[in-house]
Amino acid sequence: MQKRKRIPDKARYRRTTQRAYQFLAELGICSFPVDPVEIIKRFPNWHLCGWLELKNATGKEDPLNIDREGAEAKTEVVRGGSDFLIVYDERIGYDKRIRWTIAHEIGHIVLGHLIDFDKTALNRGGLTENEYKVLEAEAHYFACELLSPKTIIRRFRHLMGDANGIAAL
């Protein structure tokens, strides 16, 4: 059995960036837009489900306590740690925000947040405020680098001053 690590005191941005770029390269993704739903489809042990869909399928009032916790999504490790279930709240209603949210959850998986530590983001109540903030910061940063890698965006410097140009890219 592998010894689990302690959650770091500070977000590891360099590691997060490297892991996002490595992940893009491993998947052969070299064009925009990056589609997190298509990424999930490439992993047979990653499953994506809308909160309303899960609510209807299980009959539970608040599956994964997403409403109670005010979360936009949650990822659970299932089947002894080999499968991941990402549940997102489709009531957000804004496709770009849902895309970001799913990319954030992919970050938790790829960065090992759900399996590498004694404590995980699955049990928010068991994390200190700082531990939670560190894991969330890393997942946010991963989502940013996955969806719009700075190394690519910088190549389009002529658009950098124009928010509409960056959005179009």
Side-chain angles (χ1 to χ4, degrees), residues 4-50 66 69-77 81 83-90 92-117 119-122 124 127-169:
R4 296 181 193 264
K5 301 179 244 173
R6 198 176 141 276
I7 295 172
D9 296 328
K10 295 180 181 177
R12 302 161 297 175
Y13 294 113
R14 175 173 282 153
R15 175 188 179 273
T16 299
T17 299
Q18 289 171 341
R19 189 62 192 110
Y21 293 173
Q22 179 184 19
F23 187 66
L24 287 166
E26 288 168 358
L27 295 178
I29 295 173
C30 55
S31 64
F32 291 124
V34 174
D35 185 347
V37 173
E38 289 301 315
I39 289 173
I40 290 169
K41 289 178 183 176
R42 294 173 75 171
F43 292 87
N45 63 327
W46 293 11
H47 313 281
L48 181 65
C49 183
I66 285 179
E69 295 177 6
E72 292 182 5
K74 268 190 161 180
T75 300
E76 273 197 357
V77 180
D83 281 38
F84 297 94
L85 173 63
I86 300 169
V87 178
Y88 69 97
D89 190 350
E90 64 269 61
I92 296 168
Y94 182 56
D95 289 342
K96 290 178 183 174
R97 182 64 191 193
I98 289 171
R99 192 168 145 259
W100 168 269
T101 298
I102 294 170
H104 172 99
E105 295 303 312
I106 290 171
H108 283 305
I109 296 170
V110 172
L111 296 171
H113 291 170
L114 307 176
I115 59 173
D116 285 353
F117 303 114
K119 298 178 175 183
T120 68
L122 294 175
R124 289 183 182 175
L127 298 175
T128 66
E129 185 176 337
N130 189 64
E131 289 170 335
Y132 177 74
K133 284 181 179 179
V134 166
L135 296 180
E136 288 299 294
E138 287 185 0
H140 279 354
Y141 206 76
F142 181 92
C144 177
E145 292 295 348
L146 182 72
L147 297 175
S148 55
K150 283 189 295 268
T151 190
I152 302 296
I153 300 298
R154 284 187 190 122
R155 295 183 186 269
F156 294 91
R157 287 196 178 122
H158 61 284
L159 298 174
M160 296 305 280
D162 178 12
N164 291 328
I166 292 171
L169 173 63

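The model shown is predicted, which means the values in this text are computed figures rather than measured ones.
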Can you tell me how the ring of Phe84 sits relative to the ring of Trp46, calling it parallel under 30°, perpendicular over 60° and tilted otherwise? perpendicular
Looking only at heavy atoms, which two atoms of Tyr21 and Glu145 are closest? And how far apart? OH-OE1, 2.7 Å
Closest heavy-atom contact between Thr101 and Ala73? CG2-CB, 3.3 Å
Heavy-atom closest contact (Leu111 atom, Ala139 atom, distance): CD1-N, 4.3 Å
Angle class for the Trp100/His140 ring planes (parallel below 30°, perpendicular above 60°, tilted otherwise)? tilted
Note: Glu131 and Leu127 closest approach over all heavy atoms is OE1-CA, 3.4 Å
Non-hydrogen side-chain atoms of Val110 and Glu26 separated by less than 4.5 Å: no
Kindly compute the distance separating CZ (Arg19) from CG (Leu146), expressed to the nearest 0.5 Å. 11.0 Å
Hey, what do you get for CG (Leu27) to CD1 (Ile39), rounding to the nearest 0.5 Å? 6.0 Å
Between Arg12 and Phe117, the two heavy atoms sitting closest are NH2-CZ, 3.8 Å
Output yes when Glu38 and Lys41 qualify as a salt bridge under the 4.0 Å nitrogen-oxygen rule, no when they do not. yes
By side-chain hydrogen bond (donor to acceptor under 3.5 Å, both in side chains), which residues pair with Glu90, not counting sequence neighbours? none
Measuring from Leu114:CG to Glu76:CD, what's the distance to the nearest 0.5 Å? 10.0 Å
Where do Leu147 and Pro36 come nearest, in terms of heavy atoms and distance? CD2-CG, 4.0 Å
Neighbour count >12 (heavy atoms, 6.0 Å) for atom NZ, Lys133: no
I'd like to check Ile109 versus Phe43 (side-chain heavy atoms, cut-off strictly below 4.5 Å). Are they in contact? no
Side chains of Gln18 and Arg15: is there a donor and an acceptor less than 3.5 Å apart? no
Working to the nearest 0.5 Å, report the span between NE2 of His104 and CZ of Phe142. 11.0 Å
Could you measure the distance from the CD1 atom of Ile102 to the CD atom of Glu72? Nearest 0.5 Å is fine. 11.0 Å
His108-Glu138 side chain donor-acceptor pair, cut-off 3.5 Å: no
Let me confirm one number: the CD-NE2 distance from Glu105 to His113, rounded to the nearest 0.5 Å. 11.0 Å
Would you call His47 and Asp83 a side-chain contact if the rule is heavy atoms closer than 4.5 Å? yes
